[in-house]
Student: 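For reference, the structure I am asking about is given below.
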Amino acid sequence: RKEVEQDPGPFNVPEGATVAFNCTYSNSASQSFFWYRQDCRKEPKLLMSVYSSGNEDGRFTAQLNRASQYISLLIRDSKLSDSATYLCVVRALTGGGNKLTFGTGTQLKVEL
Amino acid sequence: GAGVSQTPSNKVTEKGKYVELRCDPISGHTALYWYRQSLGQGPEFLIYFQGTGAADDSGLPNDRFFAVRPEGSVSTLKIQRTERGDSAVYLCASSLTASGASDTQYFGPGTRLTVL
């Protein structure tokens, strides 16, 4: 079983739709949680951190459920420019470091 | 300001050859990380440096892989006797520190390695 599991998609949605991605993680020692965005043939870029209380950044809302080891990302009023792969990422501090563990990513395609 | 840079952007080599991949982190960042991303997968951790020393090399797949960061800035990932299965995008990331509020990892554009 992978440490971080995501539905690979693709999710094909019309512009303006609301779409939700889910992710589960297996390491209960995970301490920090993130969503990264990766465009085709580009590097991953931090979209947002995920906090236990839930957090919002414009059209994006992230939620964390530590008891269920479950993370979600909600995108409202989706835009064509939101088309990308969304990577669920967890971090467990090891050796005083900062190793990130990535899911395989969920591909989103926003269409006219 | 300048982000993380990696060279070369693409490298094609033959099975059995030796390759070096270079990473230039953001100036002032003390932590540097190498990841490998295969097609259709998320990045996988290889090794992490704090300053000049490798603080965690648990992700290196075998002893053909080695990385150095002699002056605490630029890092080189070295792969000996390359195999076709080594073909992937090798990503480098850096962060200001390795813990706390300044530990966001910023990724470089990657080196796409193809082993024929």
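Residue numbers begin at 1 in each chain, while the letters A, B, ... track the order of the sequences. Only this structure's heavy atoms are used, side chains among them; waters, hydrogens and symmetry mates stay out. Fair warning: this is a prediction, and the values are worked out from it, not measured in the lab.
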Student: Taking atom CG as the centre, does B/L39 end up with more than 12 heavy-atom neighbours from other residues, nucleotides or ligands that are less than 6.0 angstrom away?
Tutor: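 For B/L39, atom CG is not crowded (no more than 12 foreign heavy atoms under 6.0 Å).
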Student: If you measure from NZ on A/K99 to CD on B/Q105, what distance do you get to the nearest 0.5 Å?
Tutor: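 Here the rounded value is 12.0 Å.
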Student: Quick check: is B/Y48 connected to B/L60 through a chain of hydrophobic side chains (ILVMFWY, heavy atoms under 4.5 Å apart)?
Tutor: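 Result: no, two separate clusters.
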Student: Could you go step by step and tell me if A/R91 and B/D103 meet the side chain to side chain contact (heavy atoms under 4.5 Å, CB included) rule?
Tutor: CA-CA 11 Å; A/R91 182 176 71 206; B/D103 57 2; 3.1 Å; yes
Student: Quick check, are the ring centers of A/F102 and B/F45 under 6.0 angstrom apart?
Tutor: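 No, ring centres 6.0 Å or more apart.
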Student: Taking every non-hydrogen pair under 4.5 Å, which of A/K2, A/E43, A/Q6, A/Q38 racks up the most with chain B?
Tutor: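 Option with the top pair count is A/E43.
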Student: Side-chain heavy atoms under 4.5 angstrom apart, residues restricted to Ile, Leu, Val, Met, Phe, Trp, Tyr: same cluster for B/I47 and B/L91?
Tutor: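 Different hydrophobic clusters.
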Student: Judged by atom type as modelled, is there a donor-acceptor pair below 3.5 Å linking the side chain of B/Y106 to the main-chain atoms of A/K45?
Tutor: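 Such a contact is absent between B/Y106 side chain and A/K45 backbone.
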Student: Around A/Q31, counting heavy atoms of other residues, nucleotides and ligands shown, do more than 12 lie under 6.0 Å from its CD?
Tutor: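 For A/Q31, atom CD is crowded (more than 12 foreign heavy atoms under 6.0 Å).
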Student: Should we say atom CZ of B/F66 is surrounded by more than 12 heavy atoms from elsewhere, each under 6.0 Å from it?
Tutor: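 Atom CZ in B/F66 is not packed in, count stays at 12 or less.
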Student: Does CD in B/E44 sit with more than 12 non-hydrogen atoms of other residues, nucleotides or ligands closer than 6.0 Å?
Tutor: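 No.
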Student: Under 4.5 Å heavy-atom distance to chain B, tell me which part of A/L100 shows up: side chain, backbone, both or neither.
Tutor: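 When you check distances to chain B, atoms from both the backbone and side chain of A/L100 fall under 4.5 Å.
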Student: Between chain A and each of B/A31, B/P109, B/G59, count heavy-atom pairs under 4.5 Å; write down the option with the most.
Tutor: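 That would be B/P109.
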Student: Near A/Y51 OH, under 6.0 Å, is it more than 12 heavy atoms from other residues, nucleotides or ligands?
Tutor: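 No, because the 6.0 Å sphere around OH of A/Y51 holds 12 heavy atoms or fewer from other groups.
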Student: Out of the candidates A/L87, A/T101, A/V89, only one should pair with B/P43 under the side-chain contact (heavy atoms from CB on, under 4.5 Å) rule; please name it.
Tutor: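 One option only clears the test, and that one is A/L87.
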Student: Given that the side chain runs from C-beta out, which part of A/Y36 has a heavy atom under 4.5 Å from chain B: side chain, backbone, both or neither?
Tutor: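 Only the side chain of A/Y36 comes within 4.5 Å of chain B.
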